Amino acid sequence: MSFLADRLDLIKPSPTVAVNTKANELKAEGRDVIGLGAGEPDFDTPEHIKEAAYAAIREGKTKYASPAGIIELRKAICDKLKRDNGLTYTPDQIQVGCGGKQTIYNAFMATVNPGDEVIIPAPYWVTYPDLTMLCEGKPVVVNCTQDSNFKLTPEQLRAAITPKTKWLVLNSPSNPTGSGYSKEDLRALADVLLEHEHVWIMTDDMYEFLVYDGFEFATIAQVEPKLYPRTLTLNGLSKAYCMTGWRVGYAAGDKDLIKAMNKLQSQSTTSTSTISQWASVTALNGDHAFIEENNKVFVQRRDLVVSMLNQADGIDCLTPQGAFYVYPSIKGLIGKKTPDGKVIETDEDFVTYLLETEGVAAVHGEAFGLSPHFRISYATATELLEEACMRIQRACAALT
């Protein structure tokens, strides 16, 4: 009998973290590896945010915080949601967690009973189904193919809802595809959700500000106010603010749900670092000009990667509206052979081949629930992206 808990068998280590770890290990061994697996901006945290952290340390703001988060940050989050999304919340409707992952964990742990169903459109962020299963729920995965720009349709949503459905998870712009739901898309999904009052909506808006080509971000409680009472709006400071390591995410929703999540967090982490929280107050309330400047670079990188991948034999890559990922199809490569005679049978075979032969680390599509694809993060130096895409082109050309 294993000493370890059986529940660990329900989940896997994060594939995206695993790819990044493997790339770093190979680099440490002296291998020439370009890591495109991490969903992390290569830009440094802006100076005014770092200065706020230094000030918090100097001023002794280093004590325990409430599980809900410091009141100054919760007020700043309320102001942000009103300013950017037209949503009115009070501080007792806000929880601050250790990154977006913890707020999702808290919400599922506080609400999901054994057998409850969580609708998860695929491709999905790898954490959604595993946390559902860890909480003894059932992920109901709905495949959203490249033909629909990787987005859930109203017909698919209606077919997936059952009396056991507890949550629908929406992520826009998406990790791993970069696809975004327009106001019209959300309006159509909202019409279905209005027919099913028992279904709550978890909307992960982490990439809200990373949108391109005039795409207008919207969140579902903004589009349909009647869904506000049963929507948990998630966001954080990691991506647009270049604060991945600061570990600050937040949730806004029903007071009783937030109270339950706070109860749970009081027995786990208590709170995220108070230094990170004070820095986040300045991030939300301060100058945001750097986001637009960063986005100009992301657009250039996106266009470079999409163009070069579409020039590779057997790869078909859509142009995403946001985030910093592409999710190209490798349908045209399945069944081909590598120079040493191995058959590319899956997208995992392909990314393994890329890493072994060309030193390019990417994440296979199966990890995100939809094959045959792979994910590349273009949140890295432009010259490295160009070199990586040249290597991918070379690897594809070598297949027969």
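Note that the numbering runs from 1 along the sequence shown for the chain. Computation of the quantities below employed the complete heavy-atom set of this structure, encompassing side-chain atoms and omitting hydrogens, waters and symmetry-equivalent molecules. Since this is a predicted model, take the numbers as computed values, not measurements.
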**Asked** Does any pair with a residue in residues 318-327 pass side chain to side chain donor-acceptor pair (under 3.5 Å), and if so which ones, sequence neighbours excluded?
**Response** Y207-Y325
Please tabulate, for side-chain N and O atoms in residues 236-245, each donor-acceptor pair with protein atoms closer than 3.5 Å (sequence neighbours left out).
{"unit_1": "K239", "atom_1": "NZ", "unit_2": "G39", "atom_2": "O", "d": "2.6"}
{"unit_1": "T244", "atom_1": "OG1", "unit_2": "E40", "atom_2": "OE2", "d": "2.5"}

**Asked** Between the side chains of T272 and R247, does any donor sit under 3.5 Å from an acceptor?
**Response** no
**E197, CD atom: more than 12 neighbouring heavy atoms under 6.0 Å** = no
Expected list for residues 358-372: side-chain donor-acceptor pairs under 3.5 angstrom, two or more places apart:
{"unit_1": "E358", "atom_1": "OE1", "unit_2": "R394", "atom_2": "NE", "d": "3.3"}
{"unit_1": "E358", "atom_1": "OE1", "unit_2": "R394", "atom_2": "NH2", "d": "2.6"}
{"unit_1": "E358", "atom_1": "OE2", "unit_2": "R394", "atom_2": "NE", "d": "2.9"}
{"unit_1": "S371", "atom_1": "OG", "unit_2": "D347", "atom_2": "OD2", "d": "2.6"}
{"unit_1": "S371", "atom_1": "OG", "unit_2": "E366", "atom_2": "N", "d": "3.4"}

**Request:** Could you list the residues that satisfy side-chain hydrogen bond (donor to acceptor under 3.5 Å, both in side chains) with T45, not counting sequence neighbours?
**Result:** W246
**Pairs where residues 60-76 contributes a residue and the test side chain to side chain donor-acceptor pair (under 3.5 Å) is met, not counting sequence neighbours** = E59-K61
**Nearest atoms (heavy-atom pairs only) where K336 meets G332** = CE-O, 3.6 Å
**Message:** Could you check, using the six-membered ring where one of them is a Trp, whether F43 and F298 have ring centers closer than 6.0 angstrom?
**Reply:** yes
Distance-only criterion, 3.5 Å: show the donor-acceptor pairs between side-chain atoms of residues 217-230 and protein atoms not counting sequence neighbours.
{"unit_1": "T219", "atom_1": "OG1", "unit_2": "D205", "atom_2": "OD2", "d": "2.8"}
{"unit_1": "Q222", "atom_1": "OE1", "unit_2": "T219", "atom_2": "N", "d": "3.2"}
{"unit_1": "Q222", "atom_1": "NE2", "unit_2": "N85", "atom_2": "O", "d": "3.4"}
{"unit_1": "E224", "atom_1": "OE1", "unit_2": "R187", "atom_2": "NH1", "d": "3.0"}
{"unit_1": "E224", "atom_1": "OE1", "unit_2": "R187", "atom_2": "NH2", "d": "2.7"}
{"unit_1": "E224", "atom_1": "OE2", "unit_2": "K226", "atom_2": "N", "d": "2.9"}
{"unit_1": "Y228", "atom_1": "OH", "unit_2": "T88", "atom_2": "O", "d": "2.6"}
{"unit_1": "Y228", "atom_1": "OH", "unit_2": "Q93", "atom_2": "NE2", "d": "3.2"}
{"unit_1": "R230", "atom_1": "NH1", "unit_2": "L193", "atom_2": "O", "d": "3.4"}
{"unit_1": "R230", "atom_1": "NH1", "unit_2": "H196", "atom_2": "O", "d": "3.0"}
{"unit_1": "R230", "atom_1": "NH1", "unit_2": "V199", "atom_2": "O", "d": "2.5"}
{"unit_1": "R230", "atom_1": "NH2", "unit_2": "L193", "atom_2": "O", "d": "2.8"}

**Request:** With sequence neighbours excluded, tell me which residues meet side-chain hydrogen bond (donor to acceptor under 3.5 Å, both in side chains) with N294.
**Result:** none
**Message:** Please enumerate all residues that pass side-chain hydrogen bond (donor to acceptor under 3.5 Å, both in side chains) together with T127, with sequence neighbours excluded.
**Reply:** none
**Request:** List for me each residue that meets side chain to side chain contact (heavy atoms under 4.5 Å, CB included) alongside D116, sequence neighbours excluded, and say none if there are none.
**Result:** V112, N113, K166
**Message:** Using side-chain heavy atoms (C-beta onward) and a distance below 4.5 Å, is K331 in contact with D316?
**Reply:** no
**Asked** Residues two or more places apart in sequence or in another chain: which of them pass side chain to side chain contact (heavy atoms under 4.5 Å, CB included) with A397?
**Response** D313
**Asked** Would one find more than 12 heavy atoms of other residues, nucleotides or ligands at under 6.0 Å from atom NZ of K27?
**Response** yes
**Contacts of type ring pair (Phe, Tyr, Trp, His ring centres under 6.0 Å), residue F374, not counting sequence neighbours** = F350
**Request:** With sequence neighbours left out, write down each residue that passes side-chain hydrogen bond (donor to acceptor under 3.5 Å, both in side chains) with D32, or none if nothing qualifies.
**Result:** R391
**Prompt:** Would you find more than 12 non-hydrogen atoms of other residues, nucleotides or ligands less than 6.0 Å from E216 atom CD?
**Reply:** no
